[in-house]
Amino acid sequence: MEYVESNYHTETERQRKITRLCIQCAQLLFQHGAESMLVEQLSTRLGIALGADQVDSAISSNAIVLTTVINGRCMTSTRKNVDHGINMHVVTKVQHTVILAEYKLLDSDKVQQRLAEIKPLRYPRWLLVLMIGLSCGCFCKLNGGGWDGCLVTFIASGCAMYIRQILTAQYMNPLINFCITAFVATTVSGFVLKIPYFSSASTVSMAASVLLLVPGFPLINSVADMFKGHINTGLARWAMASLLTLATCIGITMAMAVWGLRNWA
């Protein structure tokens with residue numbers, strides 16, 4: 001009797017650990033921008049690799065519910081989803097951990113250790129400002145903005161990206177963040193175009209300076225989710241991306257109205 005009870009407690013603890021690892025895997029993926037189908041597949045593959053008979057998960061826009069089944073016993077866990085921003089470095093690390101577990105190169109203890117060690121890769125602030133400025137400037141040049149317009153876009157988008165990073169570090173609401181950033185980008189590009197040296201520059205530079213605010217990744221994920229059967233999550237992501245676009249438009253309109261910038265209009 002004692003042996004049976006001891007064995008039951010051992011199996012329960014083992015299943016509890018597997019359940020925690022599966023939902024930690026799913027949470028890490030979802031918090032850093034992975035599409036819902038990938039979250040579901042990787043958490044299931046990890047559970048099966050660690051010894052579960054079945055893993056079922058339900059993903060919503062702000063929570064994950066996951067159930068493991070081992071020898072007919074079910075165990076369910078729920079985690080709240082808090083968006084930490086898109087970071088494919090985390091997604092890749094989690095996927096690599098799952099693959100190693102599938103090849104039996106990692107047991108549950110090592111999987112737990114690897115998941116705990118995963119930290120988002122953050123590029124230096126100056127490098128992000130530089131690359132965003134260059135990418136927006138190149139878009140302006142490719143659309144007939146000329147080298148002077150390219151320089152205007154580089155300055156405006158670089159300043160906007162710097163402001164966006166500061167607001168993000170202060171945990172500013174993303175909608176307010178995008179609105180203020182769009183306001184700054186339009187303001188800087190509009191005033192730079194008023195300088196005599198840049199007076200002949202193309203007004204394409206004003207439009208190109210706010211391209212850093214296009215929510216491309218959330219929109220792609222929302223469509224992918226809806227096509228793959230995760231309608232609710234896809235609609236939630238699409239709604240958020242639409243709100244971010246609306247906030248950007250409000251910021252641009254405010255700058256044009258406040259400073260009388262009619263170049264773009």
Side-chain angles (χ1 to χ4, degrees), residues 1-124 168-169 171 217-218 221 224-225 228-230 232-234 236-237:
M1 184 67 180
E2 291 180 358
Y3 173 77
V4 174
E5 186 176 349
S6 175
N7 186 57
Y8 174 78
H9 285 300
T10 301
E11 288 298 317
T12 301
E13 286 300 319
R14 174 171 169 268
Q15 184 172 2
R16 182 176 290 112
K17 187 171 188 178
I18 292 174
T19 305
R20 286 175 177 171
L21 290 175
C22 289
I23 200 164
Q24 183 182 0
C25 167
Q27 188 180 30
L28 278 171
L29 291 167
F30 201 65
Q31 285 179 336
H32 291 92
E35 62 177 90
S36 301
M37 182 60 72
L38 183 64
V39 174
E40 184 178 298
Q41 288 178 344
L42 287 181
S43 58
T44 300
R45 287 167 54 186
L46 179 60
I48 300 298
L50 294 178
D53 300 325
Q54 182 180 340
V55 179
D56 296 314
S57 57
I59 303 171
S60 66
S61 59
N62 56 4
I64 300 172
V65 181
L66 185 140
T67 299
T68 59
V69 181
I70 300 179
N71 297 327
R73 294 191 305 271
C74 298
M75 188 171 291
T76 303
S77 183
T78 305
R79 293 290 185 277
K80 183 179 180 180
N81 175 56
V82 179
D83 186 24
H84 290 318
I86 298 167
N87 196 306
M88 290 297 103
H89 172 75
V90 173
V91 176
T92 303
K93 285 291 185 180
V94 173
Q95 190 170 19
H96 188 219
T97 301
V98 172
I99 292 173
L100 291 177
E102 288 181 318
Y103 281 97
K104 306 303 180 184
L105 298 176
L106 298 177
D107 57 14
S108 58
D109 291 330
K110 291 182 179 179
V111 169
Q112 183 177 11
Q113 181 182 352
R114 285 180 68 94
L115 291 179
E117 290 174 351
I118 295 176
K119 304 296 180 185
L121 176 64
R122 304 294 185 190
Y123 291 104
T168 302
Y171 302 101
F217 205 91
N221 270 350
D225 282 350
K228 295 176 182 179
H230 295 272
N232 292 336
T233 309
R237 283 177 161 170

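Hydrogens, waters and symmetry mates are skipped; everything else that's a heavy atom, side chains included, is used. If you're wondering where the values come from, they're calculated on a predicted model, not measured in any experiment.
Scanning all heavy atoms of the two residues, the minimum distance from R122 to N87 falls at NH1-ND2, 3.7 Å. Between K228 and E35, the closest heavy-atom pair is NZ-OE2, 2.6 Å. Considering every non-hydrogen atom in both A116 and Q24, the closest pair reads N-NE2, 4.2 Å. Taking both residues in full, the closest heavy atoms of E40 and S57 are given as CG-OG, 3.4 Å, listed atom of the first, atom of the second, then distance. T67 approaches C74 most closely through the heavy-atom pair CG2-CB, 4.1 Å.
The local environment of NZ in K104 is crowded, with over 12 non-hydrogen atoms from other residues, nucleotides or ligands closer than 6.0 Å.
Using a 4.5 Å cut-off on side-chain heavy atoms (C-beta onward), H84 and P120 make no contact. S60 has its side chain out of reach of N81: every pair of non-hydrogen atoms, C-beta onward, lies at least 4.5 Å apart. By the 4.5 Å heavy-atom criterion applied to side chains, I118 and H89 are not counted as neighbours. You'll find the side chain of I70 reaches within 4.5 Å of the side chain of R14, heavy atoms only. Side-chain contact between I99 and R45 is present, with heavy atoms from C-beta onward closer than 4.5 Å. For the pair L38 and V91, the minimum side-chain heavy-atom distance is below 4.5 Å. For the pair L121/M88, no side-chain contact is recorded, criterion being any heavy-atom separation below 4.5 Å from C-beta on. Contact check for R20 versus R79: side-chain heavy atoms found under the 4.5 Å cut-off.
Distance check: T19 OG1 to L50 CG gives 10.0 Å after rounding to the nearest 0.5 Å. Here CG of N221 is found 9.0 Å from CZ of F30. Values are rounded to the nearest 0.5 Å. Atom NZ of residue K93 and atom NE2 of residue H32 lie 14.0 Å apart, to the nearest 0.5 angstrom. Taking OG of S77 as the reference point, atom CZ of R16 lies at 10.0 Å (rounded to 0.5 Å). We find the CD1-SG distance between I48 and C22 to be 8.0 Å, quoted to the nearest 0.5 Å. Rounding to the nearest 0.5 Å gives a distance of 8.0 Å between CG of L66 and CG of D56.
For T78, there are no side chain to side chain donor-acceptor pair (under 3.5 Å) partners at least two apart in sequence or on another chain.
Q15 places a side-chain N or O within donor-acceptor distance of the main-chain N or O of R73, the cut-off being under 3.5 Å. Under a 3.5 Å cut-off, the side chain of T233 and the backbone N or O of I59 do form a donor-acceptor pair.
Using a cutoff of 4.0 Å between basic side-chain nitrogens and carboxylate oxygens, E117 and R114 are not scored as salt-bridged.
The side-chain contact (heavy atoms from CB on, under 4.5 Å) with C25 is formed by just one residue from the set L28, L21, L29; it is L29.
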